[in-house]
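Heads up: the structure comes next, in structure tokens.
In what follows, residues are counted from 1 in the order of the sequence shown.
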Amino acid sequence: NEKRTEGSVREGRGAPGPWRSAVDWIDEQSQLHGERIALSDASVDVTYAQLRSRTRALAERLRAHGLRRGDVVALVLDRGPSFIELVLAVWRVGAAYLPLAPAHPPSWRQDIIQRAGARLVAGRSRDSAVPGLPFLDLAEASPAVAPGPEEVVLAPEDLAYIICTS
């Protein structure tokens with residue numbers, strides 16, 4: 001049995017272990033390989049150390065806007081490294097995200113955001129804001145935010161995201 005496990009690990013099929021969240025995995029990689037590239041596209045390369053630092057800072061901004069464990073935040077943002085950073089920050093708070101494209105009609109976005117029970121909207125344009133809900137403008141410079149409570153420990157039962165289809 002030991003030989004079979006060793007072969008599985010060499011073939012990239014490591015023995016199953018305890019559940020770990022994506023946030024836990026990113027944090028571990030930032031400690032082991034902080035200088036390695038974690039995210040990349042045509043305009044930016046982000047190392048694991050930068051990814052950890054950026055997502056922790058974004059999580060503090062989300063908390064400062066009232067986001068808590070179990071809440072839903074609407075992300076009105078095109079896909080790319082910034083989107084991934086924001087998703088990880090949402091998970092650091094223990095919240096779930098609702099991805100919406102900025103190109104969606106505003107009335108449709110507003111209806112989906114309200115039906116999903118989102119407590120916050122985050123985006124790069126005030127056009128993404130929804131009346132009556134706090135808005136985190138990602139285009140604005142990040143103000144210094146005092147560190148909040150320790151990050152939550154995620155569990156497999158935690159809601160990660162909500163996907164709306166037509």
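Pairing each heavy atom of Ala74 with each of Ile113, the nearest pair is CB-CG1, 3.6 Å. Closest of all the heavy-atom pairs between Phe83 and Asp78 is CB-O, 3.5 Å. Between Gly117 and Val72, the shortest heavy-atom distance links the atoms O-CB, 4.4 Å.
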Problem set entry | side chain to side chain contact (heavy atoms under 4.5 Å, CB included) assessment of Leu136 paired with Val121 | CA-CA 6 Å; Leu136 173 59; Val121 178; over 6 Å; no

Exercise. What's the verdict on side chain to side chain contact (heavy atoms under 4.5 Å, CB included) for Trp91 and Leu154, showing C-alpha distance, side-chain angles and the deciding distance?
Worked result: CA-CA 8 Å; Trp91 289 342; Leu154 298 173; 4.1 Å; yes

Problem set entry | Residues Val152, Val93; criterion side chain to side chain contact (heavy atoms under 4.5 Å, CB included); working and verdict | CA-CA 6 Å; Val152 299; Val93 176; over 6 Å; no

Exercise. Should Asp158 and Arg69 be marked as a side chain to side chain contact (heavy atoms under 4.5 Å, CB included) after you check the CA-CA gap, both sets of side-chain angles, and the distance that decides it?
Worked result: CA-CA 9 Å; Asp158 288 328; Arg69 182 183 201 132; 2.7 Å; yes

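With hydrogens and angles left out, the side-chain atoms of Arg124 and Ser82 include a donor and acceptor closer than 3.5 Å. If you check the side chains of Ser30 and Asp27, you find no donor sitting under 3.5 Å from an acceptor.
Placement of Trp25 and Leu86 within a single hydrophobic cluster is found when ILVMFWY residues are connected by side-chain heavy-atom separations under 4.5 Å, directly or transitively. Following chains of ILVMFWY side-chain contacts shorter than 4.5 Å, one cannot reach Leu159 starting from Val153, and the two form parts of different hydrophobic clusters.
Contact of the Glu28 side chain with the Asp24 side chain is not registered, since no non-hydrogen atoms from C-beta on lie closer than 4.5 Å. By the 4.5 Å heavy-atom criterion applied to side chains, Val46 and Val44 are counted as neighbours. Looking at heavy atoms from C-beta onward, Arg126 lies in side-chain contact with Asp137 at the 4.5 angstrom threshold. Taking 4.5 Å as the limit, every side-chain heavy atom of Ile163 sits out of range of all side-chain heavy atoms of Leu98. Leu39 has its side chain within reach of Glu85: a pair of non-hydrogen atoms, C-beta onward, lies under 4.5 Å apart. Residues Phe135 and Leu120 are not in side-chain contact: their nearest non-hydrogen atoms beyond the backbone lie 4.5 Å or more apart. Here the side chains of Arg119 and Leu133 are not in contact, with every heavy-atom distance at 4.5 Å or above. Using a 4.5 Å heavy-atom cutoff, the side chains of Arg52 and Arg92 are in contact.
Distance alone, capped at 3.5 Å, places no donor-acceptor pair between the Trp19 side chain and the Ala155 backbone. Formation of a donor-acceptor pair under 3.5 Å by the His65 side chain with backbone atoms of Leu62 is not found in this model. Side chain of Ser53 to backbone of Gln50: no donor-acceptor contact under 3.5 angstrom is found. At least one donor-acceptor pair closer than 3.5 Å links the side chain of Arg68 to the backbone N or O of Arg63.
In this structure, OG on Ser128 lies 9.0 Å from CG on Leu100, to the nearest 0.5 angstrom.
Each salt bridge (charged side-chain N to carboxylate O under 4.0 Å, His left out) pair with one or both residues in residues 36-48, not counting sequence neighbours, would appear here, but there are none. Pairs of residues two or more places apart, or lying in two chains, that qualify as salt bridge (charged side-chain N to carboxylate O under 4.0 Å, His left out) and include a residue from residues 109-118 are Asp111-Arg115.
Note on ring orientation: taking the six-membered ring where Trp is involved, the planes of Tyr97 and Tyr161 are tilted (angle from 30° to 60°).
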